[in-house]
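Worth knowing before you read on, the calculation uses all heavy atoms, side chains too, and leaves out hydrogens, waters and symmetry mates.
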Amino acid sequence: KTHQLMTWLLRVFFAASIGFQVPVKLFSDPYVIGWGFILYACVLAKFPLMFYVPQFEDVKEGASYNPFLRDRLITGLAMTCRGEFSFIIAAFAL
């Protein structure tokens, strides 16, 4: 029971420690808003990589579950998260 509480508290403290470092007043600066849109476009540009996922399993006609579609979505979303993590690493490197 304490493990669940510790996991929840760890998430809250991590989010708060990162969140408190962000100066909220800078969000109204057009320079920051512009860079935000540029970085967001770069993250979204990784999503179309899902179209390069090969089909490993045959999908039956009329099946309710499509593992190929699942694999594409997981790959596309995973690539966008990987790009976002790269921006975080780059921000700390500066």
Side-chain angles (χ1 to χ4, degrees):
K1 194 169 186 175
T2 59
H3 178 70
Q4 292 175 345
L5 178 65
M6 188 174 81
T7 303
W8 183 80
L9 286 174
L10 184 64
R11 290 178 187 160
V12 169
F13 287 129
F14 177 76
S17 65
I18 297 297
F20 290 146
Q21 292 179 6
V22 176
V24 180
K25 292 181 181 180
L26 290 179
F27 287 148
S28 63
D29 185 14
Y31 179 77
V32 173
I33 293 172
W35 271 106
F37 279 121
I38 290 170
L39 294 177
Y40 187 67
C42 292
V43 169
L44 283 181
K46 287 188 166 243
F47 190 70
L49 292 174
M50 70 182 214
F51 294 116
Y52 294 103
V53 173
Q55 187 169 358
F56 294 111
E57 301 175 25
D58 292 332
V59 180
K60 294 180 182 177
E61 195 73 31
S64 62
Y65 175 70
N66 188 348
F68 180 55
L69 179 62
R70 181 207 59 191
D71 292 344
R72 278 187 161 185
L73 286 174
I74 288 174
T75 303
L77 292 173
M79 290 304 291
T80 58
C81 295
R82 183 177 179 193
E84 190 172 323
F85 184 70
S86 300
F87 289 129
I88 294 170
I89 298 298
F92 279 116
L94 295 177

Find the distance between CG (L26) and CD1 (I33) and round it off to the nearest 0.5 Å. 10.5 Å

About how many Å separate OG1 of T75 and CZ of F47, when rounded to the nearest 0.5 Å? 10.0 Å

For the student: nearest non-hydrogen atoms of M50 and R72, plus distance: CB-O, 3.1 Å

Hey, quick one: are Y31 and F37 part of the same hydrophobic cluster, counting side-chain heavy atoms closer than 4.5 Å, chains of contacts allowed? no

Output all residues satisfying side chain to side chain donor-acceptor pair (under 3.5 Å) with Y52, sequence neighbours left out; order by chain, then residue number. none

Does atom CD of Q55 have more than 12 heavy-atom neighbours, drawn from other residues, nucleotides or ligands, at distances under 6.0 Å? yes

State which residues pass side-chain contact (heavy atoms from CB on, under 4.5 Å) with I74; sequence neighbours excluded, sorted by chain then number. R70

Near F14 CZ, under 6.0 Å, is it more than 12 heavy atoms from other residues, nucleotides or ligands? no

From CG (L9) to CG (L5), nearest 0.5 Å: 4.5 Å

Test side-chain contact (heavy atoms from CB on, under 4.5 Å) on M6 and L10 and set out the steps. CA-CA 6 Å; M6 188 174 81; L10 184 64; 5.5 Å; no

